[in-house]
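So that the names make sense, note that chain A is the first sequence line, chain B the second, and so on, each numbered from 1.
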Number of protein chains: 2
Amino acid sequence: MIVAMSRYDPSAFPPFAVTVDLVVLTVREHALCALLVRRGEPPYQGYWALPGGFVRPDEGLAEAASRELAEETGLRAPSAPGHDAAGPGAAGAHLEQLATYGHPQRDPRMRVVSVAYLVLAPDLPTPRAGGDASGARWAPVTELLGPDRADGVPLAFDHGLILADGVERARSKIEYSSLATAFCATEFTVGELRRVYEAVWGVVLDPRNFHRKVTGTPGFLLPSGGTTTRQGGRPAQLFTSGGANVLNPPMLRPES
Amino acid sequence: MIVAMSRYDPSAFPPFAVTVDLVVLTVREHALCALLVRRGEPPYQGYWALPGGFVRPDEGLAEAASRELAEETGLRAPSAPGHDAAGPGAAGAHLEQLATYGHPQRDPRMRVVSVAYLVLAPDLPTPRAGGDASGARWAPVTELLGPDRADGVPLAFDHGLILADGVERARSKIEYSSLATAFCATEFTVGELRRVYEAVWGVVLDPRNFHRKVTGTPGFLLPSGGTTTRQGGRPAQLFTSGGANVLNPPMLRPES
DNA sequence: GATCATAGTCGTCTCTCTGACGATAAGCAC
DNA sequence: GTGCTTATCGTCAGAGAGACGACTATGATC
């Protein structure tokens, strides 16, 4: 392909590389964690980075994100705008576009525009390294963000910024949607859902008020009929996500 | 530039064109309006489209959006994440990234990924046609969206979809931020701000409850000291935007 | 089996905020 | 002045949230 740049010729254009990067979040051991892969090649060889890759010439952006997600984790994720064809309570991760990053020097090799996607997934087995990554892990986001970062080595490229944006999106979106259920298994208890909120927001919530709120919000939870004692204590009712897209009034994050 | 495609060679990549498209919204005559330009060249010659253009090789995405905005409207817009350097109440439009659109066939000429930006501006003079556009106008969004579209001709490319996403973003964002003030002049009255909400949401709000809400929310409005009678009736206090980024509790959109 | 620890669930009280609406204030047109 | 407009203040009932007491039903431990 021959490429030329002329101000007024609309058939000419400067070429860009387009990639997708994934902010894959899950809740494990009461902490919000992000999926990282270790880069096996320069630039940033040996650094931890968000999973991602080039968009192919014949695929859409969400399609590329979904493909990369499957390659890295084996997760099947319907894209966000289309409703989950499997209906309420179906397993599988939530995927939505986050933002696009295109600083001219964000990749030293060439001009790269990266479309970031946010994935919210239930707890998964330890990831396998895939493709061009020499390792993969779940990292608590508290160790990756902020000035009190435990791991002194930053992420590759601008992935620290992308991760921060993704975490902020997740934190605000579970306020006014039922998206927190995407962090849970198909069936879950009110207490498990509460622990998701507590992990994502980093707060403690009153179990009684939380129970009243989520069970009193129409469309948020559907009773599945069963009970479980897997958390110990008194048996708890099992629910599936009611699929309500928008909660009104929203869940309130304490002291924000 | 020679381009090749190889699965595992990270220095090779399929080339994309990257553009920015602008959803410029304003409120005029009690209606939410979007800026459209008429395309002077194929494809979609003669169709109305969102303003926009190619990103240059050496500029960032927000920079390109800001440049296109200035070229089309003369507006100077600071990008959203950085706070307005001119301080609270400064004129100038609000600009933020909206979403990125990259369906493989969205442009018949080539593979184009478009990063859409949302601009909220106070009422502006009738726009001039600029660059490759043969005309420009403000169109009420009610005439452009939905099945009851008055103008039977759709917008070029996927710009109808982009516009719908931008309008939805604006409608939801003024709920929990002070962004509605971006539609007003530097100094404005409570009534003028209420008419912004009414136009964007397409509802009527109770003037007394609205007044109590906005004047009672800390950081939303700053009294500027003056008064005006430009809306008729009793003189109204003038305010500037207090710059509060997030309103808690939010403004409530009726019956949503 | 009795006791304890754990987690779930229901209720109550108070306070804040909202929606509905009455009442008053202060300009302009005539 | 009267009438019309818009702005602003007040009042009241109801919904919802935060704080917290009380009770329930399981497994663990003695």
Side-chain angles (χ1 to χ4, degrees), chain A residues 29-30 174-176 184-185 187-199 201 203-240 244 246-256, chain B residues 29-30 174-176 184 187-199 201 203-239 244 246-256:
Chain A
E29 296 163 14
H30 218 276
I174 65 173
E175 280 189 275
Y176 56 89
C184 296
E187 287 192 323
F188 54 89
T189 70
V190 172
E192 288 164 353
L193 184 62
R194 175 170 47 83
R195 275 171 221 110
V196 165
Y197 276 91
E198 291 179 336
W201 285 345
V203 298
V204 282
L205 299 172
D206 184 280
R208 298 156 291 189
N209 292 337
F210 184 86
H211 188 277
R212 178 183 60 192
K213 173 67 178 175
V214 297
T215 57
T217 300
F220 197 169
L221 299 181
L222 290 176
S224 75
T227 62
T228 182
T229 62
R230 62 186 173 219
Q231 299 289 341
R234 170 176 164 178
Q237 265 192 282
L238 285 170
F239 294 88
T240 59
V246 51
L247 304 182
N248 201 347
M251 300 288 304
L252 287 184
R253 197 173 353 178
E255 60 175 311
S256 66
Chain B
E29 296 163 14
H30 217 277
I174 65 173
E175 279 189 276
Y176 55 89
C184 297
E187 287 191 323
F188 53 90
T189 69
V190 173
E192 289 164 353
L193 184 62
R194 176 170 48 83
R195 276 169 219 111
V196 165
Y197 276 92
E198 290 179 335
W201 285 344
V203 298
V204 284
L205 299 173
D206 184 281
R208 296 156 292 185
N209 292 336
F210 184 86
H211 187 278
R212 177 183 60 191
K213 172 69 177 173
V214 297
T215 57
T217 299
F220 196 170
L221 299 181
L222 291 176
S224 75
T227 61
T228 182
T229 60
R230 62 186 172 218
Q231 298 291 340
R234 169 176 165 179
Q237 265 193 284
L238 285 169
F239 294 89
V246 52
L247 304 182
N248 201 348
M251 301 287 305
L252 288 184
R253 194 171 359 175
E255 62 174 311
S256 64

Presence of donor-acceptor pair under 3.5 Å, side chain of R208(A) and base of dG11(C):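 When only heavy-atom distances are counted, R208(A) does not reach the base of dG11(C) through any donor-acceptor pair under 3.5 Å.
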Donor-acceptor pair under 3.5 Å, R234(B) side chain vs dG27(C) base: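 Check fails, no donor-acceptor contact within cut-off.
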From [options], pick the nucleotide closest to the side chain of [X]?
X	options	value
T189(A)	dA17(D), dT9(C), dG8(C)	dG8(C)
R212(B)	dA22(D), dT18(C), dA19(D)	dT18(C)
A236(B)	dG8(C), dC21(C), dA7(D)	dA7(D)
P249(A)	dC20(D), dG16(D), dA26(C)	dG16(D)
N209(A)	dT18(C), dC20(D), dA25(C)	dC20(D)
K213(A)	dG8(C), dA17(D), dA25(C)	dA17(D)

A side-chain contact here means heavy atoms from C-beta on lying under 4.5 Å apart; do F220(B) and L193(B) qualify?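 Sidechains of L193(B) and F220(B): in contact.
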Any side-chain heavy-atom pair from R195(B) and E192(B) closer than 4.5 angstrom?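 Result yes, sub-4.5 Å side-chain heavy-atom pair found.
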Please report the distance, rounded to the nearest Å, between [atom1] in [X] and [atom2] in [N].
X	N	atom1	atom2	answer
E192(B)	dA7(D)	CD	P	8 Å
N248(B)	dT18(C)	CG	C1'	15 Å
Q231(A)	dA28(D)	CD	C1'	17 Å
L193(A)	dA7(C)	CG	P	17 Å
F210(A)	dA19(D)	CZ	C1'	17 Å
D206(B)	dT8(D)	CG	P	14 Å
F188(A)	dG8(C)	CZ	P	13 Å
M251(B)	dT18(C)	CE	P	8 Å

Just checking R194(A): base, sugar-phosphate only, or nothing, at a heavy-atom cut-off of under 4.0 Å?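 Sugar-phosphate contact only.
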What's R195(A) touching, base or sugar-phosphate or nothing? Going by heavy atoms closer than 4.0 Å.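 It contacts sugar-phosphate atoms only.
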What's the spacing between M251(A) CE and E175(A) CD if we round to 0.5 Å?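 Answer rounded to 0.5 Å: 9.0 Å.
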Do you know which two heavy atoms are closest between R230(B) and T189(B), and how far apart they sit?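 Taking every non-hydrogen atom into account, NH2-N, 4.3 Å.
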Minimal non-hydrogen separation, V196(A) against C184(A), with atom names: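 Scanning both residues, the minimum pair turns out to be CG2-SG, 3.8 Å.
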Pick the nucleotide of DNA chain C nearest each of P235(B) and P250(B); which residue has the one closer to the 5' end?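 The residue mapped nearer the 5' terminus is P250(B).
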Any side-chain N or O of H211(B) less than 4.0 Å from the OP1 or OP2 oxygen of dT8(D)?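 Answer is yes, contact under 4.0 Å.
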Closest-nucleotide 5' rank along DNA chain D - winner of G233(B) and T229(A):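 The 5'-side residue here is G233(B).
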Yes or no on ring pair (Phe, Tyr, Trp, His ring centres under 6.0 Å) for F239(B) and F188(B), after CA distance, side-chain angles and deciding distance? CA-CA 5 Å; F239(B) 294 89; F188(B) 53 90; 7.1 Å; no
